[in-house]
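The chains referred to below are lettered A, B, ... by the order of the sequence lines, with proteins before strands, and numbering in each begins at 1.
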Amino acid sequence: MPELPEVEILKRSLKKKIKFCKVAKIKIHNANLRYKVPQLINQNLKNHTVLNVSRISKYLIIDFNFSKKLLIHLGMTGTVHLVKKNNKKYTNASFYHSSSLPKKHNHIEIYFKNNIKMIYNDPRRFGYFKLFEKKYLLNNLIKNLGPDPFSSKFNYNYIKKFIQNKKIKIKILLMNQKFLGGLGNIYANEILYNCKLKPTKSVNLLTKKNIQNLIYQSRNTLKKAIKFGGSSIRDFKKTDGTSGNYQHNFNVYGKNNTNCPRYSCTGSIKKILISKRSSFYCPKCQT
DNA sequence: AAGAGGCCCTGATAGC
DNA sequence: TGCTATCAGGGCCTCT
């Protein structure tokens, strides 16, 4: 599920709904995520107020009115749901369609004092919750992450310098979080299609025009996905339980053996494996 | 330097 | 119906 657009959608929703909310308590039902969730998290966050919700790459950051921030990564299958208490029961209101609220794998619940509850659900448990000192977070997380695709740091000179003396496949480059923060398998495939670049192309063969177009298409593709509310393939849901819609706009992802959607191209989409990840492209117009 | 492979997990789907 | 195998959007790590 969660690549940059999905985390961005989540961030915007949380920002609207839990900003300035005060934590009443936190229940950990299963602490065994990618990293063990410390039981102390409850003592630490209790009675503190959410000041802001932000995103860096695929990471969600919740800022509180004390020295620590909560860092959330959704791994492969993490989702966040918000419910509201009415008449002693947590139900939909304008927050959630209770019929579709997951029953299994609700590992962490954050209760706020205004009767809102935030639920973290994650079947495969590849995600994590970590508390960080604000300074430590900035120094260590951001240092190891490439720029956000929308940041001005993601520019021609940066890319040129990064790929200097490298001969890796372009798709591997795009998915490398140290190069660029936020792309995963789906959007890497889609962006390369929009750039007419084949995923196995070696980065040392990229022209100046290729690189400039790559920047443009990365932003454009992600922007569109955000506009459509992200992609729901298996389990991505917005915090109100509804699905995103960008999956209907995929050109290549999951479309092997279908006709290339590009006007005037007669190719058909092919699936190959690159580092064991499914890669989809049109051999005719992506070169 | 680049790439392959393994590992952390559960669940959906396909094939028998 | 029920078994088993394969695959899945992430990100670590180690080995060659």
Side-chain angles (χ1 to χ4, degrees), chain A residues 1-10 29-37 55-60 71-80 102-108 120-130 140-146 161-193 199-205 221-222 225-226 228-238 243-257 271-280:
Chain A
M1 149 215 162
E3 301 180 40
L4 185 149
E6 291 74 32
V7 182
E8 177 65 23
I9 295 292
L10 173 60
H29 301 291
N30 188 344
N32 298 312
L33 302 185
R34 165 172 278 276
Y35 306 108
K36 192 129 188 152
V37 183
R55 175 190 65 76
I56 294 177
S57 163
K58 299 176 193 171
Y59 297 81
L60 189 76
L71 180 69
I72 301 176
H73 194 285
L74 303 170
M76 291 266 252
T77 53
T79 49
V80 172
K103 292 185 175 67
K104 287 176 82 175
H105 309 299
N106 290 329
H107 304 312
I108 300 176
Y120 179 74
N121 181 285
D122 188 356
R124 287 175 75 179
R125 288 189 271 123
F126 288 166
Y128 63 81
F129 270 57
K130 269 186 178 178
N140 289 271
L141 174 68
I142 298 171
K143 198 175 66 188
N144 289 316
L145 279 175
K161 196 174 169 197
F162 194 96
I163 64 179
Q164 206 170 39
N165 305 322
K166 285 194 173 72
K167 283 188 176 174
I168 51 169
K169 295 179 173 74
I170 176 74
K171 183 164 178 263
I172 301 281
L173 176 78
L174 285 187
M175 290 179 62
N176 180 354
Q177 302 300 304
K178 285 183 179 160
F179 168 66
L180 180 62
L183 294 191
N185 200 28
I186 292 181
Y187 293 106
N189 278 303
E190 292 296 320
I191 289 166
L192 288 171
Y193 174 80
T200 51
K201 193 177 185 94
S202 179
V203 294
N204 65 332
L205 300 175
T221 307
L222 295 170
I226 292 169
F228 278 88
S231 307
S232 299
I233 303 232
R234 274 152 226 279
D235 32 33
F236 171 66
K237 289 283 191 301
K238 294 189 264 181
S243 294
N245 279 308
Y246 191 69
Q247 66 278 14
H248 304 304
N249 291 281
F250 289 165
N251 286 307
V252 287
Y253 185 79
K255 301 268 188 180
N256 42 322
N257 302 322
K271 175 179 171 177
I272 57 170
L273 288 180
I274 299 174
S275 288
K276 293 227 168 181
R277 309 301 294 275
S278 301
S279 308
F280 303 88

Test item: A/Pro5 and A/Tyr187 side chains (from C-beta on) under 4.5 Å apart, heavy atoms: yes

Under 4.0 Å between a side-chain N or O of [X] and OP1 or OP2 of [N]?
{"X": "A/Gln177", "N": "C/dG11", "result": "yes"}
{"X": "A/Lys58", "N": "C/dG10", "result": "yes"}
{"X": "A/His73", "N": "C/dG10", "result": "no"}
{"X": "A/Arg125", "N": "B/dT10", "result": "yes"}

Whole angstroms only, please: what is the [atom1]-[atom2] distance between [X] and [N]?
{"X": "A/Leu74", "N": "C/dG10", "atom1": "CG", "atom2": "C1'", "answer": "10 Å"}
{"X": "A/Asn32", "N": "B/dC8", "atom1": "CG", "atom2": "P", "answer": "13 Å"}
{"X": "A/Lys36", "N": "B/dC8", "atom1": "NZ", "atom2": "P", "answer": "16 Å"}
{"X": "A/Glu6", "N": "C/dG10", "atom1": "CD", "atom2": "P", "answer": "10 Å"}
{"X": "A/Ile168", "N": "B/dG3", "atom1": "CD1", "atom2": "P", "answer": "7 Å"}
{"X": "A/Leu145", "N": "C/dG10", "atom1": "CG", "atom2": "P", "answer": "14 Å"}
{"X": "A/Arg34", "N": "C/dC13", "atom1": "CZ", "atom2": "C1'", "answer": "10 Å"}
{"X": "A/Asn189", "N": "C/dA8", "atom1": "CG", "atom2": "P", "answer": "11 Å"}

From the list A/Thr200, A/Asn189, A/Ile272, A/Asn176, side-chain contact (heavy atoms from CB on, under 4.5 Å) with A/Lys171 holds only for A/Asn189

Closest nucleotide among [options] to the [X] side chain:
{"X": "A/Lys166", "options": "C/dG11, B/dA2, C/dA8", "result": "B/dA2"}
{"X": "A/His105", "options": "C/dG11, B/dG11, C/dG10", "result": "B/dG11"}
{"X": "A/Lys276", "options": "B/dG5, B/dA2, C/dG11", "result": "B/dG5"}

Comparing A/Lys104 with A/Phe126, nearest DNA chain B nucleotide closer to 5' gives the residue A/Phe126

Looking only at heavy atoms, which two atoms of A/Ser278 and A/Asn185 are closest? And how far apart? O-ND2, 3.0 Å

Closest non-hydrogen atom pair, A/Ala188 against A/Met175: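 It is CB-CG, 3.7 Å.
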
Just to be sure I understand the rule, does A/Tyr59 reach a base, reach only the sugar-phosphate, or reach nothing, if contact means heavy atoms closer than 4.0 Å? sugar-phosphate

Mind checking if A/Lys271 touches a base, just sugar-phosphate, or nothing, with heavy atoms under 4.0 Å? sugar-phosphate

Rounded distance in Å between the [atom1] positions of [N] and [M]:
{"N": "C/dG2", "M": "B/dC9", "atom1": "C1'", "value": "23 Å"}
{"N": "C/dG10", "M": "B/dA1", "atom1": "C1'", "value": "23 Å"}
{"N": "C/dA8", "M": "B/dA4", "atom1": "P", "value": "16 Å"}

Is the number of heavy atoms from other residues, nucleotides or ligands within 6.0 Å of NZ (A/Lys167) greater than 12?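 Open: at most 12 neighbouring heavy atoms sit under 6.0 Å from NZ of A/Lys167.
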
pair_partner(B/dA12), Watson-Crick or wobble, both distances < 3.5 Å, evaluates to C/dT6

Going by modelled atom types, is there a donor-acceptor pair between the base of B/dG11 and the side chain of A/Arg124 at under 3.5 Å? no

Between A/Lys255 and A/Tyr253, is NZ or CZ placed under 6.0 angstrom from the six-membered ring centre and within 45° of the ring axis? no

